[in-house]
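See below for the structure under consideration.
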Amino acid sequence: MRSLSGDADYLATLLKTIEGPIVLVGHSYGGAVITNAAAGNPNVESLVYIAGFAPDKGESAFELAAKYPGSRITDDPTAPVPTALNAVPLGGGPTDVDLYLKPEKFSDVFLSDRLEVNRAAALAAAQRPGTVASGNEPTGATAWKDIPSWFLVPTDDRTIGTANLRFMAERAGSTTVEVDGPHAVMETAPDAITDLILQAAHDSSRPALAHTGSAEQLTFLGGAAVLALATGTGLVVLARRRT
């Protein structure tokens with residue numbers, strides 16, 4: 001979450017080390033990263049956006065979050081820093097800052113007040129910041145134009161905004177599932193996410209993968225690599241084909 005081009009280049013390099021088909025999953029800003037990183041990689045068979053940005057070339061994450069109402073990142077579009085964010089200086093430049101959701105705004109904006117207070121406070125304390133550059137940098141590539149995509153849209157997303165997610169999913173021609181949940185939908189509907197990833201892995205129009213049988217067997221996506229990018233975190237699951 002330092003710069004979109006830098007993060008995407010890093011991920012693209014990692015993807016080149018993975019042999020065989022890849023299901024690439026991105027949440028939130030991670031969606032913008034996979035949109036750029038997967039471009040031109042023939043091993044990436046499916047893209048899965050979990051409340052994630054799917055920008056077109058030249059668009060930025062911040063631009064897309066402001067396209068339609070629904071995001072609560074700011075209640076003053078003219079403010080130099082979105083009003084739900086704290087800006088922590090990193091250097092001497094006016095835009096050289098890290099951005100954090102304010103602790104008192106985190107539960108509302110990121111979780112739609114769906115979690116208990118202690119859990120929300122723990123997540124707020126553990127959040128990874130993003131730079132101004134990462135949210136403002138224009139997208140350079142659009143993998144969803146060439147790679148089939150799946151999209152999970154929470155109907156109570158107050159970070160990107162549900163209407164903005166629907167717009168991106170429809171534009172990308174994604175197979176879309178909507179669930180009642182917040183932006184951090186992995187906290188409230190993990191089974192729906194698992195099911196969508198499995199659907200993307202086993203779509204009949206894609207090269208065959210070993211059948212997993214159930215959502216509980218997610219780590220056995222026979223021969224596929226599932227790389228999931230959440231907000232500030234990365235998870236790589238390399239599964240061997242079952243015999």
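- For the pair Lys105/Asn86, no side-chain contact is recorded, criterion being any heavy-atom separation below 4.5 Å from C-beta on.
- When side chains are defined from C-beta on, Leu15 does not count as touching Asn43, because their heavy atoms never get closer than 4.5 Å.
- Rounding to the nearest 0.5 Å places OH of Tyr49 at 11.5 Å from OG1 of Thr176.
- Residues Ile22 and Tyr10 do not share a hydrophobic cluster, defined by chaining ILVMFWY side chains whose heavy atoms lie under 4.5 Å apart.
- Between Arg2 and Asp7 the shortest side-chain heavy-atom distance falls below 4.5 Å.
- Here the side chains of Val179 and Thr155 are not in contact, with every heavy-atom distance at 4.5 Å or above.
- In plain terms, the two heavy atoms of Asp113 and Asp108 that are nearest each other are OD1-N, 3.4 Å.
- Residues Asn41 and Lys16 come closest through the heavy atom pair ND2-N, 4.2 Å.
- Here the straight-line distance linking atom OG of Ser149 with atom CE of Met168 works out to 12.0 Å at 0.5 Å rounding.
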task: Decide yes or no on side-chain hydrogen bond (donor to acceptor under 3.5 Å, both in side chains) for Asp76 and Thr74, but give the supporting numbers first.
output: CA-CA 5 Å; Asp76 180 4; Thr74 189; 6.0 Å; no
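- Remark: Phe167 engages Tyr68 in a ring-ring contact (aromatic ring centres under 6.0 Å, His included) (not counting sequence neighbours).
- Within the 4.5 Å cutoff, the side chain of Leu101 has heavy atoms near those of the Phe110 side chain.
- Of all the heavy atoms in Thr188 and Pro190, the pair that sits closest is C-CD, 3.5 Å.
- Residues Ile147 and Leu24 are not in side-chain contact: their nearest non-hydrogen atoms beyond the backbone lie 4.5 Å or more apart.
- Taking OG of Ser174 as the start and CH2 of Trp144 as the end, the distance is 8.5 Å to the nearest 0.5 Å.
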field: Working for side-chain hydrogen bond (donor to acceptor under 3.5 Å, both in side chains), residues Asp75 and Thr83
entry: CA-CA 6 Å; Asp75 54 19; Thr83 56; 2.9 Å; yes
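- The closest side-chain heavy-atom distance from Tyr29 to Leu4 is below 4.5 Å.
- A distance-only check finds no donor-acceptor pair linking the side chain of Asp98 to the backbone of Val88 [under 3.5 Å].
- To the nearest 0.5 Å, the span separating OG1 on Thr131 from CG on Leu90 amounts to 8.0 Å.
- Counting only heavy atoms from C-beta outward, the side chains of Ile73 and Thr159 approach each other to under 4.5 Å.
- The two residues Pro154 and Thr162 make their nearest non-hydrogen contact at O-OG1, 2.8 Å.
- Closest approach of Pro55 to Thr142, counting heavy atoms only: O-CG2, 3.4 Å.
- Listed by first and then second residue, the side-chain hydrogen bond (donor to acceptor under 3.5 Å, both in side chains) pairs that reach into residues 52-63 are Asp56-Lys145, Glu59-Arg171, sequence neighbours excluded.
- Taking CD from Glu187 and OG from Ser112, the interatomic distance works out to 12.0 Å, rounded to the nearest 0.5 Å.
- Neither Ile160 nor Tyr100 shares a network with the other; the hydrophobic side chains, linked directly or stepwise wherever heavy atoms of I, L, V, M, F, W or Y lie under 4.5 Å apart, form separate groups for each.
- Enclosure of atom CD in Glu170 is not indicated, since only 12 or fewer non-hydrogen atoms of other residues, nucleotides or ligands lie within 6.0 angstrom.
- Put simply, the side chain of Gln127 gets close to the backbone of Ala124: a donor and an acceptor are under 3.5 Å apart.
- Residues Phe151 and Leu196 share a closest heavy-atom pair of C-CD2, 3.7 Å.
- Residues passing the side-chain hydrogen bond (donor to acceptor under 3.5 Å, both in side chains) test with Asn164, sequence neighbours excluded: none.
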field: side chain to side chain contact (heavy atoms under 4.5 Å, CB included) between Leu123 and Leu115, worked out
entry: CA-CA 10 Å; Leu123 291 171; Leu115 272 61; 3.9 Å; yes
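- Salt bridge annotation for Arg114-Asp180: present, with a cationic side-chain nitrogen under 4.0 angstrom from a carboxylate oxygen.
- Once rounded to the nearest 0.5 Å, the distance linking CG of Leu11 with CD1 of Ile34 reads 8.5 Å.
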